[in-house]
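Reviewing the structure listed below.
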Protein chains: 2
Amino acid sequence: MATDDLMTRALDTLGDDGLPSVEAIHRLTDPAAVSEPMTIAEVADLLDTSPHTLRYYERAGLVDVPRDSQGHRLYDTEAVRRLVFLTRMRLSGMPMRDLQHYVALVDAGPSTEPERLAMLVEHRAFIRRRIRELNLSLTATEYKIATYGGATGPDVA
Amino acid sequence: MATDDLMTRALDTLGDDGLPSVEAIHRLTDPAAVSEPMTIAEVADLLDTSPHTLRYYERAGLVDVPRDSQGHRLYDTEAVRRLVFLTRMRLSGMPMRDLQHYVALVDAGPSTEPERLAMLVEHRAFIRRRIRELNLSLTATEYKIATYGGATGPDVA
DNA sequence: CTATGGCTTTGAGCGCGCTCGAACGCAAAC
DNA sequence: GTTTGCGTTCGAGCGCGCTCAAAGCCATAG
């Protein structure tokens, strides 16, 4: 388990309220400062995932990865950048199917930008709804902790 | 799809910021005002799920449901209450496994209250982390929408 | 020279949470 | 009386996202 992966570092820039600061945005826009090609293990560590998963993403057509003379993957800046995006989207609940569609649009050229933008806007709405749901469950859980009697229902006084 | 299920109603009590109001808490503590037994279809509609799923939860040992003279399920207040709790926990990401453990603890009596409380506290931490992750992804998505150029990376100026 | 370790490919397997199909029962509606 | 509709049980199937096993290649270490 990576203890200093991207997400961990990014979360550290947030307050306890979970609201991102201006600094957080800068970290988001500069995910991997180094520009040298990385091995699969390094990328996996950076993204807090496994080499298995990175190969799986590649097989799924989500990213193209160059090889070195021995046939080993060497992730260049472009590939790393895309994977940062992909893992972020996955983590926030976008299905593989949609990501495959998205990258197909990217590969299809600039004419598909409106559709890509529409996907992002829809995903934004999805994330917002999820956050609202989680806040509700959080409130319910906190209420249950505070008034804990052990029943499954609220057992309102 | 139920358009007036519990979650929908509860979310309506929240502001756009997703922060629950005092009223929301009251709705949470009084999920189903009626106290008459409900059919499986009614409960499914209330919880925005399917009869299939409700039977599945029962088979999984999460809840006991009384039957009428014809062998049909008649959900009493206790069962509905527990299912409200269960679906809330599921929606916020608690695994079936944990829920099975939790209800086993409930059935084991008051001596297990500390462990149940510990589970809730841990789940609260889980929800909070998820919300933080989602806020981060939300920020990233909003940034990408705002600066949209269509690449998979930020393409910082 | 022979391990050891990290990478490669391919296809298969798995854990989770449903979701469905089949065969059937009962009851109210036509 | 039969059709329609909603319910029942049981076991099987499915979609998703990984996750792994097997067999092999190459390079550096001892």
N-O pairing of B:Arg82 and B:Asp107 below 4.0 Å: yes
B:Arg130/B:Glu133 salt bridge by N-O under 4.0 Å criterion: yes
Rounded interatomic separation in angstrom, taking [atom1] from [X] and [atom2] from [N]:
{"X": "B:Leu54", "N": "C:dG17", "atom1": "CG", "atom2": "C1'", "value": "14 Å"}
{"X": "B:Leu86", "N": "C:dG17", "atom1": "CG", "atom2": "C1'", "value": "14 Å"}
{"X": "B:Ile40", "N": "C:dT19", "atom1": "CD1", "atom2": "P", "value": "14 Å"}
{"X": "A:Asp98", "N": "D:dG15", "atom1": "CG", "atom2": "P", "value": "16 Å"}
{"X": "B:Met38", "N": "D:dC6", "atom1": "CE", "atom2": "P", "value": "16 Å"}
{"X": "A:Gln70", "N": "C:dT8", "atom1": "CD", "atom2": "C1'", "value": "11 Å"}
{"X": "A:Tyr75", "N": "C:dT8", "atom1": "OH", "atom2": "C1'", "value": "12 Å"}
{"X": "B:Glu58", "N": "D:dG7", "atom1": "CD", "atom2": "C1'", "value": "13 Å"}

Sugar-phosphate only, base, or nothing, as touched by A:Pro51 at under 4.0 Å among non-hydrogen atoms: nothing
Sugar-phosphate only, base, or nothing, as touched by B:Arg55 at under 4.0 Å among non-hydrogen atoms: base
Any donor-acceptor pair under 3.5 Å from A:Thr39 side chain to A:Glu42 backbone: yes
B:Gln100 side chain vs B:Ala60 backbone, donor-acceptor pair below 3.5 Å: yes
A:His72 vs A:Arg67, side-chain contact (heavy atoms from CB on, under 4.5 Å): CA-CA, chis, key distance, verdict: CA-CA 5 Å; A:His72 290 195; A:Arg67 308 297 153 108; over 6 Å; no
A:Tyr102/A:Leu86 under side-chain contact (heavy atoms from CB on, under 4.5 Å): CA gap, chis, key distance, verdict: CA-CA 10 Å; A:Tyr102 188 92; A:Leu86 292 171; over 6 Å; no
Within-4.5 Å side-chain heavy-atom neighbours: A:Val80 and A:Val43: yes
Contact list for DNA chain C against residues 60-69 of chain B - heavy-atom distance below 4.0 Å: none
Minimum-distance nucleotide (side-chain atoms of B:Pro95 versus C:dC7, C:dG17, D:dG7): C:dG17
Spacing of A:Asp98 atom CG and A:Met96 atom CE [to the nearest 0.5 Å]: 10.5 Å
Check: A:Arg81/A:Thr77 side-chain N/O donor and acceptor closer than 3.5 Å: no
Between the protein and nucleotides 18-24 of chain D, list the N/O to N/O atom pairs that are separated by less than 3.5 angstrom.
unit_1, atom_1, unit_2, atom_2, d
D:dC18, OP2, A:Tyr57, OH, 2.9
D:dC18, OP2, A:Arg90, NE, 2.8
D:dC18, OP2, A:Arg90, NH2, 3.2

N or O in side chain of A:Arg73 less than 4.0 angstrom from C:dC7 OP1/OP2: no
